[in-house]
Amino acid sequence: AQTVTQSQPEMSVQEAETVTLSCTYDTSESNYYLFWYKQPPSRQMILVIRQEAYKQQNATENRFSVNFQKAAKSFSLKISDSQLGDTAMYFCAFMKGGNQFYFGTGTSLTVIP
Amino acid sequence: KAGVTQTPRYLIKTRGQQVTLSCSPISGHRSVSWYQQTPGQGLQFLFEYFSETQRNKGNFPGRFSGRQFSNSRSEMNVSTLELGDSALYLCASSPAGTDTDTQYFGPGTRLTVL
């Protein structure tokens with residue numbers, strides 16, 4: 001079975017600073033996909049970034065980047081130049097073949113002005 | 001394109017009743033997945049439908065069922081509601097439900113069971 005662990009239930013960061021959210025996963029699969037989703041308060045979940053396990057290069061989307069360590073089964077999200085709009089619950093997710101997602105329990109991030 | 005829509009947005013039911021939730025995927029998307037989100041358990045996968053067929057199923061009791069129509073719209077039904085069924089129910093759609101697809105989530109239906 002696949003499991004996704006987010007060990008930081010809550011985090012905070014000063015506006016304009018950098019923050020890293022941790023995620024580890026457990027799987028016996030060799031090919032899979034990893035995602036970070038963002039769920040702002042009372043708003044719908046949106047995709048932040050995705051990473052294919054077969055790609056060694058870390059994915060980057062503007063201020064968001066990941067540190068993917070396949071051997072360590074680690075997939076952390078770095079948010080640079082944090083903005084107030086980044087305040088949200090962040091979910092790490094794992095997907096193997098079959099379009100079935102496994103989500104972590106989430107990290108609540110608060111950006112402090 | 002319009003995003004994923006879910007109706008209703010809020011529901012209040014009592015124990016023992018049944019409820020039907022609806023999800024309209026993004027136009028052209030054929031895969032619809034359903035998730036239950038609770039503070040304690042996080043997001044848990046319920047099931048996925050593709051071309052009117054249930055393709056994947058999570059670890060939920062038979063009280064939870066779903067279906068998909070030819071226009072890819074999907075419904076989820078929960079019978080004999082229990083207090084623990086109170087949750088945010090999210091649906092997500094993707095073009096074909098393949099490994100390369102990204103899921104796009106709807107706003108959710110907030111179900112409260114009294």
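Chain letters run A, B, ... following the sequence lines, proteins first, then strands; residues in each count from 1.
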From B/Leu88 CG over to A/Gln44 CD, what is the distance, rounded to the nearest 0.5 angstrom? 10.5 Å
B/Gln44 side, atom CD; A/Thr105 side, atom OG1 - distance, nearest 0.5 Å: 11.0 Å
State whether the number of non-hydrogen atoms from other residues, nucleotides or ligands found under 6.0 Å of B/Lys57 atom NZ is greater than 12. yes
I'd like to check B/Tyr35 versus A/Phe101 (side-chain heavy atoms, cut-off strictly below 4.5 Å). Are they in contact? yes
Do the non-hydrogen side-chain atoms of B/Leu43 and A/Phe91 ever get within less than 4.5 Å of each other? yes
Spell out, yes or no, whether A/Leu84 and A/Val13 are grouped together once hydrophobic residues are joined by side-chain heavy atoms under 4.5 Å, including indirect joins. yes
Is the number of heavy atoms from other residues, nucleotides or ligands within 6.0 Å of NZ (A/Lys78) greater than 12? no
Kindly work out whether a path of hydrophobic side-chain contacts (I/L/V/M/F/W/Y, heavy atoms less than 4.5 Å apart) joins B/Leu83 to B/Leu11. yes
ILVMFWY network linking A/Phe35 to A/Tyr54, side-chain heavy atoms under 4.5 angstrom: yes
Heavy-atom neighbours of B/Arg15 CZ exceed 12 at 6.0 Å: no
Proximity of B/Phe105 and A/Tyr37 rings by center, below 6.0 Å: yes
So for B/Gln6, is it side chain, backbone, both, or neither that comes closer than 4.5 Å to the heavy atoms of chain A? neither
Are B/Gln103 and A/Met45 close enough that some pair of their side-chain heavy atoms sits under 4.5 Å apart? no
